[in-house]
Amino acid sequence: MFYHQALLQYDGTGRTGFQAQAGHLTIQGELDHSLQQLLPGGFSTRAASRTDKGVHAFAQVIKISAADPTPLSPELLNRVLPPHMRCLAVLPCPAEFIPSMDQRTKEYRYLFSSEAGEQRFIARPRRPVDPAPMRACVAMLRGTHDFKNFWSIGGVSNTTLRTIDAAELTLVDPTELFRDTLFDAGELRACWQFRIVGTGFLKHMVRHLMGALWEVGAGVLSVEDFARYLHGEQKQQRPWRRADPHGLYLVKVSYEGPGLGYPLVR
C-alpha cells in the first residue's frame, strides 16, 4: 500500500458533512468519486475531522491509502476534483498515521456579521449583538472545562471534558481572510471572528458556543448566566439555538510529527 496525506479545502454548502453516507451528497463521497479516476487499484480515505452539514474547511487533513503506486500531487488532484474542493498540498505519510487520532490540536473559526445579509460564507445573528460581554465569556473558555451544556446529545464521546488552548473574538476583514481561497465575502469588509483552538471538540460544540454567545451579546443571557452553563450542573434546556453551520470553518489541524499537518493562518 502507498500512503499520502493531503490538505483539502472545501465549501461545505449543500453537503451533508464530510463523512460518506448512502443516499447523501458528502465531501468524502465526492472526493472518493474523484480519486477513482486516478487510483484504479483501490483506495480508502480518512479525515482529521468529521465536519458537519454545511461546514467549510480551509485545511482538512486527509489520509489516502492506495494500492496503486500513482504519485499524487495537488495539480493532479485538482484536475479531477469538483470546483467547490481544492487540494492545497500532498505529502507521503507513515502507514500508521491516523489523522483523527494523532492530531494535537484543531482550530475552528466562526464568522458572523449583523450586516451579512444573505452571505453564503458569513453568518448573521438573529439580533444585533454587543461584542463586549461576548468577549468576557470567550475569555472563560480557555483551559479545561466540562462542556456538557454545549454539545448535541447523540455525539460519540466518552467524556465532555475538553481543553481549550486559545479563544478570542476579534474584528477581521473577510476579504483578507478569504484571499486565494474558495470563499468569497462579496462587498463585506468587516466581520466578527470567533477563533477557538483545542485538543478536541464535541458534536456541534462550536455552534452551541456561538449560539450562546449571541444570546449574551443580545442581552438575553448575562455573562453570569453563561458562566453557570459553563461551570454549573447540566441543564435540561438551553435558551439558545445552535448557530448556523455556514459560518463555521475548520482552519488548521496540528500534529507533533514532522511533515504532518500544514499551517494556514492569516
Side-chain angles (χ1 to χ4, degrees), residues 49 51-52 54-59 105-117 119-147 149-151 162-179 181 183 185-186 188-202 204-231 238-254 263-266:
S49 176
T51 52
D52 296 321
V55 175
H56 317 295
F58 273 87
T105 61
K106 292 176 185 173
E107 177 179 332
Y108 286 92
R109 301 190 192 187
Y110 194 100
L111 305 179
F112 67 93
S113 169
S114 296
E115 310 299 323
Q119 265 281 349
R120 178 170 177 168
F121 298 115
I122 300 172
R124 182 176 183 173
R126 291 184 298 138
R127 293 180 288 267
V129 296
D130 179 358
M134 295 171 66
R135 279 176 164 156
C137 296
V138 168
M140 298 179 196
L141 299 176
R142 301 180 193 117
T144 301
H145 305 285
D146 191 336
F147 289 92
N149 289 313
F150 295 95
W151 75 308
R162 291 294 185 271
T163 298
I164 303 303
D165 294 339
E168 59 187 7
L169 182 65
T170 56
L171 195 63
V172 298
D173 180 350
T175 60
E176 176 63 20
L177 186 67
F178 290 163
R179 182 167 47 86
T181 71
F183 315 114
L188 195 64
R189 292 297 179 268
C191 72
W192 289 99
Q193 173 183 266
F194 171 44
R195 174 179 174 265
I196 187 166
V197 181
T199 55
F201 294 86
L202 299 162
H204 298 155
M205 177 175 153
V206 179
R207 292 171 58 195
H208 274 289
L209 287 169
M210 192 73 258
L213 289 168
W214 279 347
E215 296 299 271
V216 172
V220 176
L221 293 176
S222 67
V223 174
E224 293 73 23
D225 290 332
F226 184 91
R228 280 190 285 270
Y229 279 97
L230 181 62
H231 302 302
R238 303 161 189 172
W240 62 78
R241 299 180 185 176
R242 291 195 310 262
D244 294 333
H246 71 272
L248 182 59
Y249 297 80
L250 172 64
V251 171
K252 180 182 177 182
V253 185
S254 298
L264 182 65
V265 178
R266 298 188 192 282

Exercise. Can Leu230 and Leu141 be said to form a side chain to side chain contact (heavy atoms under 4.5 Å, CB included), step by step?
Worked result: CA-CA 8 Å; Leu230 181 62; Leu141 299 176; 4.2 Å; yes

For this session: Any chance you could measure Met140, atom CE, to His145, atom NE2, to the nearest 0.5 Å?
Result: 9.5 Å

For this session: Would you check if Leu188 and Ser113 make a side-chain contact, meaning some heavy-atom pair closer than 4.5 Å?
Result: yes

Problem set entry | Aromatic plane relationship, His204 with His208 - under 30° parallel, 30 to 60° tilted, over 60° perpendicular | tilted

For this session: Would you confirm whether the ring centroid of Phe150 sits within less than 6.0 angstrom of the ring centroid of Trp240?
Result: yes

For this session: Could you tell me whether a side-chain N or O of Arg142 sits under 3.5 Å from a main-chain N or O of Ile164, the two making a donor and an acceptor?
Result: no

Exercise. Any side-chain heavy-atom pair from Val251 and Tyr108 closer than 4.5 angstrom?
Worked result: no

For this session: Give me the one residue out of Leu169, Leu213, Val223, Asp130 that meets side-chain contact (heavy atoms from CB on, under 4.5 Å) with Arg135.
Result: Leu169

Exercise. Which pair of non-hydrogen atoms, one from Gly217 and one from Pro133, has the smallest distance, and what is that distance?
Worked result: CA-CG, 4.5 Å

Exercise. So how far is it from Cys191 SG to Asp173 CG, rounded to the nearest 0.5 Å?
Worked result: 8.0 Å

For this session: Kindly state whether the ring of Phe194 and the ring of Phe112 have centres lying under 6.0 angstrom apart.
Result: no

For this session: Count the heavy atoms of every other residue, nucleotide or ligand shown that sit under 6.0 Å from CZ of Arg241, and state whether that count exceeds 12.
Result: no

For this session: Please round to the nearest 0.5 Å and tell me the distance separating atom CG of Leu111 and atom CE of Met210.
Result: 10.0 Å

Exercise. Looking at Ala218 and Val129, what are the two nearest heavy atoms and their distance?
Worked result: N-CG1, 4.0 Å

Seminar exercise, completed: All heavy atoms of Met134 vs all of Val216, minimum pair found to be N-CG1, 4.1 Å

Exercise. Do Pro239 and Tyr229 come close enough that some side-chain heavy atom pair is under 4.5 Å?
Worked result: yes

Exercise. Heavy atoms, side chains only, cut-off 4.5 Å: are Phe201 and Phe147 in contact?
Worked result: no

Exercise. Does His246 reach the side chain of His56, with side-chain heavy atoms less than 4.5 Å apart?
Worked result: yes

Problem set entry | Spacing of Arg207 atom CZ and Leu202 atom CG [to the nearest 0.5 Å] | 14.0 Å

Exercise. Does any non-hydrogen side-chain atom of Tyr110 lie less than 4.5 Å from one of Ile196?
Worked result: no

Exercise. Does a side-chain heavy-atom distance below 4.5 Å link Arg109 with Lys252?
Worked result: no

Problem set entry | Side chain proximity check, Lys106 to Ser49, heavy atoms < 4.5 angstrom | yes

For this session: For the pair Leu221 and Phe226, evaluate side chain to side chain contact (heavy atoms under 4.5 Å, CB included) and give the outcome as yes or no after the intermediate values.
Result: CA-CA 7 Å; Leu221 293 176; Phe226 184 91; 5.7 Å; no

Problem set entry | Donor-acceptor contact present, side-chain Glu107 to main-chain Arg195, <3.5 Å | no

Exercise. Using 30° and 60° as the class limits, which term best fits the ring planes of Phe178 and Tyr249: parallel, tilted or perpendicular?
Worked result: tilted

